[in-house]
Amino acid sequence: MEFNVFEYFKGYQRTTEGPRTPGEQGTSFFLGGHMGPRISEHIDAAAAKAGMSRRSFLGSASALPATMLAVNAITGMRFFDVTPAEAYEPAAAKEIKVARKPGQDFIVDAHTHICTRKDGYIPGVNTTERGMWFVQLLDDLGKAMGLPNGTKDMTVENFGKLILEGSDTSVAIFNPFGFREDYGGKDMIPIEEQAEVKRRWPTRTVMLGGGLTPNQGLSETLERMTMFVEKYQISGLKLYTFDSTKKRGWWFDDQKQAYPMWEKARKLGLKNIGCHKGIPFGQFMARYAHPEDLDAVCDDFPDLNFIAYHSAWPYQHELAALKGFKPQRKNLYAEVGSTFAATVSNRPLECAHVLGTLLRDLGTDYVMWGTDSALWGNPQWQIDAFRKFRIPDQLVEGHGYPQLTDEVKAKVFGLNAARIWNLKTTASTAPSEPRRAVAV
Ligand SMILES: [Zn+2]
């Protein structure tokens with residue numbers, strides 16, 4: 001991901017100690033947005049009602065519910081299903097959170113990363129100026145999200161601590177960054193380093209290959225893809241159509257350059273091909289972040305699934321049109337990493353429109369949960385926010401959006417991803433027992 005937090009969230013600061021809880025992490029993010037000052041007044045009132053200091057209130061289970069209640073009040077729309085009891089009584093909030101937890105939801109985070117490599121990123125030595133833009137952006141994001149050392153904290157160790165142990169995530173799918181022209185001829189995150197995540201948590205992670213662009217030479221690209229499968233047993237691909245070569249990008253529907261890649265993927269048994277779409281960050285060209293190249297490729301490779309990461313936001317309408325007008329299509333997916341986090345906290349109306357558009361046009365079976373963590377630190381506040389998020393009735397009526405029911409949320413949270421990644425979800429009959437997941 002790839003979103004300049006300090007640009008969009010003016011009140012957000014780099015932290016040296018970091019928030020005390022994921023709830024506080026999410027709350028501070030809401031507070032840094034343009035509604036921040038007004039949310040802050042509500043927080044003060046809620047803290048007073050609870051008979052607590054602001055600081056202790058922010059560390060309590062009520063902080064995030066109080067923030068969500070404030071957003072409902074400020075916007076005059078019910079974006080969050082949250083009760084005053086949760087917002088004003090930390091004990092009640094804790095109880096509701098526990099009752100709602102442990103894992104009635106099977107949660108697959110389809111979009112996670114580590115972002116560190118042993119060599120580091122040294123400007124002028126192994127990283128170009130353009131390459132540093134991206135590193136800097138991720139570093140800023142991490143520092144704002146409770147990782148005091150930015151990218152240096154986006155390690156294998158912290159991947160486990162933040163995502164697998166520190167949140168309700170059942171399975172994390174992790175994906176690489178390439179762009180080796182900008183990083184001394186080596187992928188920004190080399191596959192041999194990220195394979196460590198898979199080795200450490202084999203049943204709770206799924207590893208994707210990446211860093212492939214045919215502009216580096218088609219045969220080399222095909223060889224690397226084969227090597228990723230044979231040596232590292234990757235389960236799919238996550239690619240970028242903008243790249244750091246002189247050509248600056250390529251398209252999935254390029255019959256000469258890209259189709260041989262999909263034919264090779266098919267032969268290697270790779271069924272799920274993801275692509276960063278939307279969020280045209282840093283040094284990369286926005287035109288390649290548009291999703292229209294998924295149109296032809298979806299038709300020409302109906303046995304492969306194509307996943308638009310970030311839901312192509314802010315071009316989500318272009319993506320949605322590829323299915324809205326072609327409802328017969330069964331292999332086009334969207335994933336909401338970074339898009340949900342950035343909009344839910346600062347532009348809830350936009351968040352509702354993005355989710356509503358995707359769910360209506362792509363269909364409720366084709367939208368997948370993702371958080372882009374560990375770039376966003378611990379993903380738990382995003383999970384809590386999605387559990388409570390709703391599409392206000394006016395939008396459901398006026399745009400024909402589906403309601404965000406618990407059933408739809410369960411599909412988005414994990415069932416859709418489980419279907420295409422062959423993850424086994426053993427739903428327990430007792431609702432208080434977590435659903436266990438096994439990645440295969
Ligand atoms: Zn990402």
Side-chain angles (χ1 to χ4, degrees), residues 1-5 8 108-117 121 131 133-142 144-145 147 150-151 153-156 158-159 162-163 167 169 171-179 182-183 187-191 193-194 197 205-213 234-244 272-284 286 288-289 291 306-316 319 333-344 354 367-379 382-383 417:
M1 137 88 225
E2 318 88 36
F3 186 79
N4 187 338
V5 281
Y8 285 83
V108 180
D109 194 330
H111 190 163
T112 64
H113 302 274
I114 56 166
C115 185
T116 183
R117 67 175 187 185
Y121 306 104
W133 290 358
F134 186 31
V135 173
Q136 191 58 49
L137 197 148
L138 300 181
D139 204 56
D140 284 345
L141 186 62
M145 297 307 282
L147 304 177
T151 50
D153 285 338
M154 297 174 192
T155 57
V156 172
N158 276 342
F159 185 95
L162 297 167
I163 301 170
S167 85
T169 305
V171 173
I173 300 176
F174 62 98
N175 43 105
F177 297 130
F179 317 124
D182 283 334
Y183 299 97
D187 284 341
M188 186 181 175
I189 309 167
I191 191 162
E193 291 194 28
Q194 61 158 27
V197 176
T205 58
V206 173
M207 178 163 80
L208 307 184
L212 302 177
T213 168
I234 56 162
S235 305
L237 299 172
K238 155 77 188 299
L239 306 174
Y240 290 76
T241 36
F242 39 59
D243 64 29
S244 288
N272 299 323
I273 320 276
C275 188
H276 175 113
K277 288 294 184 185
I279 311 188
F281 63 93
Q283 69 268 46
F284 299 110
Y288 294 106
F306 293 93
I307 307 159
Y309 277 68
H310 306 295
S311 300
W313 176 67
Y315 318 127
Q316 74 276 359
L319 174 67
Y333 287 80
E335 176 284 331
V336 301
S338 284
T339 297
F340 177 73
T343 56
V344 75
V354 172
V367 181
M368 296 191 291
W369 178 247
T371 67
D372 228 341
S373 295
L375 311 184
W376 289 82
N378 184 313
Q382 297 191 44
I383 293 172

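Computed from a prediction, not measured in an experiment: that's the story for all the values here. Every heavy atom of this structure was used, including side-chain atoms; hydrogens, water molecules and symmetry mates were not. Counting starts at 1 for both ligands and their atoms, following the listed order.
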Which atom of Asp372 is nearest the Zn ion (ligand 1), counting N, O or S only? It is OD1
Residues forming a ring pair (Phe, Tyr, Trp, His ring centres under 6.0 Å) with Tyr333, sequence neighbours excluded: Tyr366
Does any donor atom in the side chain of Ser244 or Asp182 lie under 3.5 Å from an acceptor atom in the other side chain? yes
Could you tell me whether any N, O or S atom belonging to His276 is less than 2.8 Å from the Zn ion (ligand 1)? no
Quick one: ring pair (Phe, Tyr, Trp, His ring centres under 6.0 Å) partners of Phe284, sequence neighbours excluded? Phe179, Phe242, Phe281
Under 6.0 Å between ring centres: does that hold for Phe177 and Tyr183? no
Taking 2.8 Å as the cut-off, does an N/O/S atom of His113 lie below it from the Zn ion (ligand 1)? yes
